[in-house]
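Position 1 is the first residue of the sequence, and the numbers go up from there.
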Amino acid sequence: MSTIPTVSTPARSRPRPGARLRVALAAAAVLLGAGAPAAYATLGDERPATAAVAPARGASYVETRLLFGTERPGGGPDVTDRQFTAFIDREVTPRFPEGLTVQEGRGQWRDASGRIQRERSYELVLLYPAPEARARDAHVERVREAYVKAFGQESVARLDERTRVDF
């Protein structure tokens, strides 16, 4: 009778602490890494060399957005819709007669004393040709200054961005 050699296997040892976590993280990294190029490819500004590029439409414009709060830091009554509309008619429309957009919103910001303030707000969107940006800048600043003065605000936020516009 022949004997079958027996191979002794070491007793199963316990995994080191954190080994499962490291394996799980490594697996997640591999899966995310595999999907990342596709995700970045769809979100990036660059197009693959084989894709047809759409022609640029419209003219070069500047989009300026102004954010107006409605609560008064001194505790006075909030700026009303009627007051804000009158302000637009008086201060903005004469400077930007080509058109504008006003959107209502809710905003949050940190005041000069460091407290978080939440308030009803307005967003004013202005579009003007990029070659006119320097001249229009002075008009935008006058609007901001007029609102701060008229309604006792600490500031009016301003965002400027170049864009292409086709009407």
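Arg110 is not listed as a side-chain neighbour of Gln117, based on a closest heavy-atom distance of 4.5 Å or more. In this structure, the side chains of Tyr147 and Phe84 come closer than 4.5 Å at one or more pairs of heavy atoms. Between Glu161 and Thr163, every side-chain heavy-atom pair lies at or beyond the 4.5 Å cut-off. Residues Phe87 and Thr85 fail the side-chain proximity criterion, which asks for heavy atoms closer than 4.5 Å.
Interatomic distance, Ile88 CD1 to Phe68 CZ, rounded to the nearest 0.5 Å: 5.5 Å. Atom OG1 of residue Thr70 and atom CG of residue Asp78 lie 4.5 Å apart, to the nearest 0.5 angstrom. Here CG of Asp81 is found 5.0 Å from CD of Glu104. Values are rounded to the nearest 0.5 Å. The OG atom of Ser121 lies 11.0 Å from the CD atom of Gln108; values are rounded to the nearest 0.5 Å. Here the CD-OG1 distance, from Glu63 to Thr101, works out to 9.0 Å after rounding to the nearest 0.5 Å. Interatomic distance, CD of Glu119 versus CZ of Arg72, reported as 11.5 Å (0.5 Å rounding).
Clustering ILVMFWY residues whenever any of their side-chain heavy atoms sit less than 4.5 angstrom apart, transitively, puts Phe151 in the very cluster that holds Val148. Phe96 and Tyr61 are assigned to two separate hydrophobic clusters, defined by single-linkage of ILVMFWY side chains at heavy-atom distances under 4.5 Å. Cluster membership check: Leu126 shares its hydrophobic cluster with Val102, using side-chain heavy-atom separations under 4.5 Å among Ile, Leu, Val, Met, Phe, Trp and Tyr. Under a hydrophobic-cluster definition in which Ile, Leu, Val, Met, Phe, Trp and Tyr are linked whenever side-chain heavy atoms come within less than 4.5 Å, directly or via other members, Leu100 and Leu159 are assigned to different clusters.
No hydrogens or angles considered: nothing links the side chains of Ser60 and Arg164 as a donor-acceptor pair under 3.5 Å.
Glu141 and Arg144 are joined by a salt bridge, as a carboxylate oxygen and a charged side-chain nitrogen come within less than 4.0 angstrom of each other. Using a 4.0 Å cut-off between a side-chain N of Lys or Arg and a carboxylate O of Asp or Glu, Glu132 and Arg95 do not qualify as a salt bridge. Ion pair Asp160/Arg158 flagged as a salt bridge, since at least one NZ, NE, NH1 or NH2 atom sits closer than 4.0 Å to an Asp/Glu carboxylate oxygen.
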- Message: Would Glu71 and Arg115 count as a salt bridge (charged side-chain N to carboxylate O under 4.0 Å, His left out) here? Give the steps.
- Response: CA-CA 14 Å; Glu71 290 184 5; Arg115 290 182 302 235; over 6 Å; no
- Val165 and Phe167: side chain to side chain contact (heavy atoms under 4.5 Å, CB included), yes or no, with the steps? CA-CA 6 Å; Val165 176; Phe167 294 103; 3.2 Å; yes
- Output, in order, the C-alpha distance, side-chain angles, deciding distance and verdict of side chain to side chain donor-acceptor pair (under 3.5 Å) for Glu154 and Trp109. CA-CA 11 Å; Glu154 288 183 10; Trp109 60 287; over 6 Å; no
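Nearest approach of Asp89 to Pro94, heavy atoms of both residues: O-CD, 3.3 Å. Between Val79 and Gln83, the shortest heavy-atom distance links the atoms CA-OE1, 3.4 Å. Across Leu67 and Val156, no two heavy atoms sit closer than the pair O-CG1, 3.5 Å.
More than 12 heavy atoms of other residues, nucleotides or ligands lie within 6.0 Å of CZ in Arg106, so this atom counts as buried by the packing criterion.
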